[in-house]
Amino acid sequence: MLQLSIIVPTYCEAENLTVLIPRVNRVLTEAELDAEIIVVDDDSPDETIQVCEKLAENCPLRLITRKNERGLSTAVIAGLNAASGGILLVMDADLSHPPEKIPELVSALNQRQADFVIGSRYVEGGTTDQSWGWFRKWNSRVATWLSRPFTSARDPLAGFFAIKRQTYLKAHQILNPVGYKIGLELIVKCRCRNVVEIPIEFTDRVAGSSKLSFKEQLRYLKHLKRLFDFKYQNYAYFTQFALIGLTGVFVNLQMLALLSNWMISPIAVALAIWTSMSTNFLLNRNITFSYARHKPFLKQYLSYCGSCLTGAVFNWLTTMVLSRSFQFFEKRILLAAFIGILVGMGFNFLLCRYLVFSK
Ligand code: GDD
């Protein structure tokens, strides 16, 4: 088996590739690494394809051209799936990542029992480009900080990393990243525990332009939610369900305050409950259980109402049983009611998760 596959996603990188590929090739020869370079291009309108064809005459370069798809992460996955090396390494084409560090990343995987190796900007010895202003620095730091629930690595959002083929194969069928952060996706889904970071000097591109738009950054938040659901499963669903339940309290009280000015209170209370139940349904359908969003709306809505009613009945029963059967709760009716709320919410959650919003 080939020792190493280097995957380079590209979109309009003709100018950079003419410098990068010979530099990578030199490093591979000097380090005596038996490797292939896979460029995954999304049918760039510049000269990227022609440049690759020319470079392939002297380098172990393979070009994959995707005609109908766009996106950094999916391009990387296409490259990883097509690779035949025992070690899979990913890097940008824009010369941000020093190819001279490739042998160090490879030997860290081989010798330090690492599951995942990052060419890192944020460990001692690593640097970002001098030209970065405070906004870019903070932007990068905040995005990195948001990845804390998933890994203790200092730079899990880097695009320069390596993973063993056998580790990648553990999860290659369940990868579905949105946006740019394929490295983080791999760390989480391939369950990489030992992540080693090698310091690198990150330099900003000179030629071409970054494709990392504001929209991509918003997609990162969506990606984080997906990873949260994946890693923490029912805890994640329950947390979101409970937080949405809390927003329902505010909707209910606001509606009640609004309606009670011009209608009799039993109807106002009923309308306030119905409104908060409906907003909770919409939020749960679109956020907590978004995986079931494609299912018929009305059927889901009606069964959600049924589930809320069941939760309310369990709430009532628990409060009654506690306050009537246990002396301790006789004088602590609020505590009994609170436990009732928790039990009702628990039942409601289970019904939602496994019936109303079943996969
Ligand atoms: N095939 C393909 N399709 N490649 C793409 C696409 C795409 O839609 N978008 C970007 N690329 C390629 C670029 O050509 C480049 O080789 C690499 O992916 C990085 O893209 P840039 O647009 O230059 O990213 P950046 O420099 O702003 O972002 C960097 O920082 C992030 C961490 O903050 C990159 O290093 C990212 O990989 C990294 O996640």
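Throughout, residue positions are numbered sequentially from 1 according to the sequence presented. Indexing begins at 1, ligand by ligand and atom by atom, following the structure's order.
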Heavy-atom nearest neighbour in the protein, as seen from [atom], with distance rounded to 0.1 Å:
{"atom": "atom 3 (N) of ligand 1", "answer": "Asp42 OD2, 2.7 Å"}
{"atom": "atom 22 (O) of ligand 1", "answer": "Lys211 N, 2.5 Å"}
{"atom": "atom 12 (C) of ligand 1", "answer": "Pro9 O, 3.4 Å"}
{"atom": "atom 11 (N) of ligand 1", "answer": "Leu72 CD1, 4.1 Å"}
{"atom": "atom 17 (C) of ligand 1", "answer": "Asp92 OD1, 3.5 Å"}
{"atom": "atom 25 (P) of ligand 1", "answer": "Ser210 OG, 3.6 Å"}
{"atom": "atom 10 (C) of ligand 1", "answer": "Tyr180 OH, 3.4 Å"}
{"atom": "atom 15 (C) of ligand 1", "answer": "Glu13 OE2, 3.4 Å"}

So, does [X] sit close enough to ligand 1 that a heavy atom of it is under 4.0 Å from the ligand?
{"X": "Met91", "value": "no"}
{"X": "Ser96", "value": "no"}
{"X": "Lys181", "value": "yes"}

Return yes or no for this condition: an N or O of [X] is under 3.5 Å from an N or O of ligand 1.
{"X": "Arg205", "result": "yes"}
{"X": "Ala75", "result": "no"}
{"X": "Asp41", "result": "no"}
{"X": "Phe202", "result": "no"}
{"X": "Leu157", "result": "yes"}

Please identify which atoms of ligand 1 are closer than 4.0 Å to at least one heavy atom of [X].
{"X": "His97", "answer": "35 (O)"}
{"X": "Gly159", "answer": "37 (O), 38 (C)"}
{"X": "Thr10", "answer": "1 (N), 2 (C), 4 (N), 14 (O)"}
{"X": "Val40", "answer": "1 (N)"}

Pair [X] + [Y], salt bridge at N-O below 4.0 Å:
{"X": "Glu13", "Y": "Arg205", "answer": "yes"}
{"X": "Asp43", "Y": "Lys67", "answer": "yes"}
{"X": "Glu185", "Y": "Arg226", "answer": "no"}
{"X": "Arg154", "Y": "Glu197", "answer": "no"}

Report the part of Arg121 in contact with ligand 1, treating N, CA, C, O as backbone and CB onward as side chain, heavy atoms under 4.0 Å; options are side chain, backbone, both, neither.
side chain
Among Tyr291, Tyr232, Phe228, Tyr354, which one satisfies ring pair (Phe, Tyr, Trp, His ring centres under 6.0 Å) with Tyr237?
Tyr291
Under the criterion side chain to side chain donor-acceptor pair (under 3.5 Å), which of Asn284, Thr288, Asp229 is the partner of Gln240?
Asp229
Any idea how Phe297 and Tyr301 line up, ring-wise: parallel (<30°), tilted (30 to 60°), or perpendicular (>60°)?
parallel
Ring-plane angle category for Phe349 and Phe238, please: parallel below 30°, perpendicular beyond 60°, tilted otherwise.
perpendicular
May I ask you to check whether over 12 heavy atoms, not counting those of Glu201, lie within 6.0 Å of atom CD?
no
Taking every non-hydrogen atom, the tightest pair across Ala78 and Ile64
O-CD1, 4.3 Å
If we ignore hydrogens and angles and just use 3.5 Å, is the side chain of Arg219 paired with the main-chain N or O of Pro177 as donor and acceptor?
no
Short question: side chain of Arg141, backbone of Arg136 - any donor-acceptor pair under 3.5 Å?
no
Have a look at Phe357 and tell me which of Gln300, Arg293, Lys295 forms a side-chain contact (heavy atoms from CB on, under 4.5 Å) with it.
Gln300
For atom 30 (O) of ligand 1, decide whether some protein heavy-atom distance is shorter than 4.0 Å.
no
Is the NZ or CZ atom of Arg285 both under 6.0 Å from the centre of the six-membered ring of Phe289 and within 45° of that ring's axis?
no
Any idea which of Asp94, Asn16, Thr48 brings a heavy atom closest to atom 26 (O) of ligand 1?
Asp94
